[in-house]
Structure formats: structure tokens, C-alpha cells
Amino acid sequence: MIKIKVSRVRPDKVDRLKAWLAEGMRRADEIRETFVNEGVTHEQGLLLSTADGPVFVYVVECADYEAAAKAFQDSSFPIDAEHKAVLAEVLDGEVEAPLLLDVRL
């Protein structure tokens, strides 16, 4: 299953988000440890510039998104706590993005 979330980014926090995502790339082994706990197989984060301001697109692949989200919320991994704190600081609500196509085998 692929899950996509689209969120507004506070304009004054774009550099903070970029720095955190770059740190995530450097700490990829820690992130992979959390994947095992969450049942996640792949994550991607994209930053888009739009006429309405910056937008963060988060993509996760896993077998059971609800179970993965619960495992993340209940996680005791330090990197997950940092991730929650940074996202709370930089994101400013979700953007409605209706799913128009979902085809799979």
C-alpha cells in the first residue's frame, strides 16, 4: 500500500524542514530500524513550491498504514521523537488532495 500526505509548510520553516530531511538521509540506518518496527518498506519526502506557498509531500509504502502509523506514534526510537517534533514545528496543516487514481495488482 502507498499512502500520500500533502501538508502546508510554514514559509519561515522551509530551511528547517530541508535540514531535517538532509539529516534523515545521513541517518538512514536509524530510519531503516524504525521501518522494521512499523512495517514500512519505503518513504519519500518532497518539497514543492506552489503559488499558495511551500508544500511537503510525504509518501510511505507499507502493508498496513494504520498499523504503521500507530507504531510510529507509540515509538520509543529517538529519531521518531525528533521527527514528530520537527514536523509539528514546520508543518501547518494538511492540504486536501483527493485520490483520483489508484490502480494496483
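Quick note: numbers below take in every heavy atom, side chains included, and nothing from hydrogens, waters or symmetry partners.
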Could you tell me the separation between the [atom1] atom of [X] and the [atom2] atom of [Y], rounded to the nearest 0.5 Å?
X: Met1; Y: Asp102; atom1: CE; atom2: CG; answer: 8.0 Å
X: Glu38; Y: Gln73; atom1: CD; atom2: CD; answer: 9.5 Å
X: Phe35; Y: Glu61; atom1: CZ; atom2: CD; answer: 10.0 Å
X: Lys3; Y: Lys5; atom1: NZ; atom2: NZ; answer: 7.5 Å

Under 4.5 Å between side-chain heavy atoms, counting indirect links through other Ile/Leu/Val/Met/Phe/Trp/Tyr residues: same cluster for [X] and [Y] or not?
X: Val60; Y: Val86; result: yes
X: Val55; Y: Leu17; result: no
X: Val9; Y: Val57; result: no
X: Leu21; Y: Leu47; result: yes
X: Tyr65; Y: Val6; result: no

Of Arg26, Glu33, Arg32, the one forming a side chain to side chain contact (heavy atoms under 4.5 Å, CB included) with Asp29 is Arg32
Residues Ala68 and Cys62: closest non-hydrogen pair is CB-SG, 4.1 Å
Taking every heavy atom of Glu23 against every heavy atom of Glu82, the minimum-distance pair comes out as OE2-OE1, 4.0 Å
Practice problem: Kindly say whether Phe56 contributes a backbone atom to a donor-acceptor pair with the side chain of Ser7 at under 3.5 angstrom? | Solution: no
Practice problem: Taking Arg8 for its side chain and Leu91 for its backbone only, find out whether a donor-acceptor pair lies under 3.5 Å. | Solution: no
Quiz item: Given Ile31 and Ile79, is the side chain to side chain contact (heavy atoms under 4.5 Å, CB included) satisfied, shown in steps?
Solution: CA-CA 7 Å; Ile31 293 173; Ile79 197 165; 3.7 Å; yes
- Stepwise side chain to side chain contact (heavy atoms under 4.5 Å, CB included) test for Val59 and Leu46: CA-CA 8 Å; Val59 182; Leu46 302 98; 4.3 Å; yes
Q. Take atom NZ in Lys70; do more than 12 heavy atoms of anything else shown fall under 6.0 Å from it?
A. no
Practice item. Assign the ring pair His83 / Phe72 to parallel, tilted or perpendicular, where the plane angle (0 to 90°) is split at 30° and 60°. Key: perpendicular
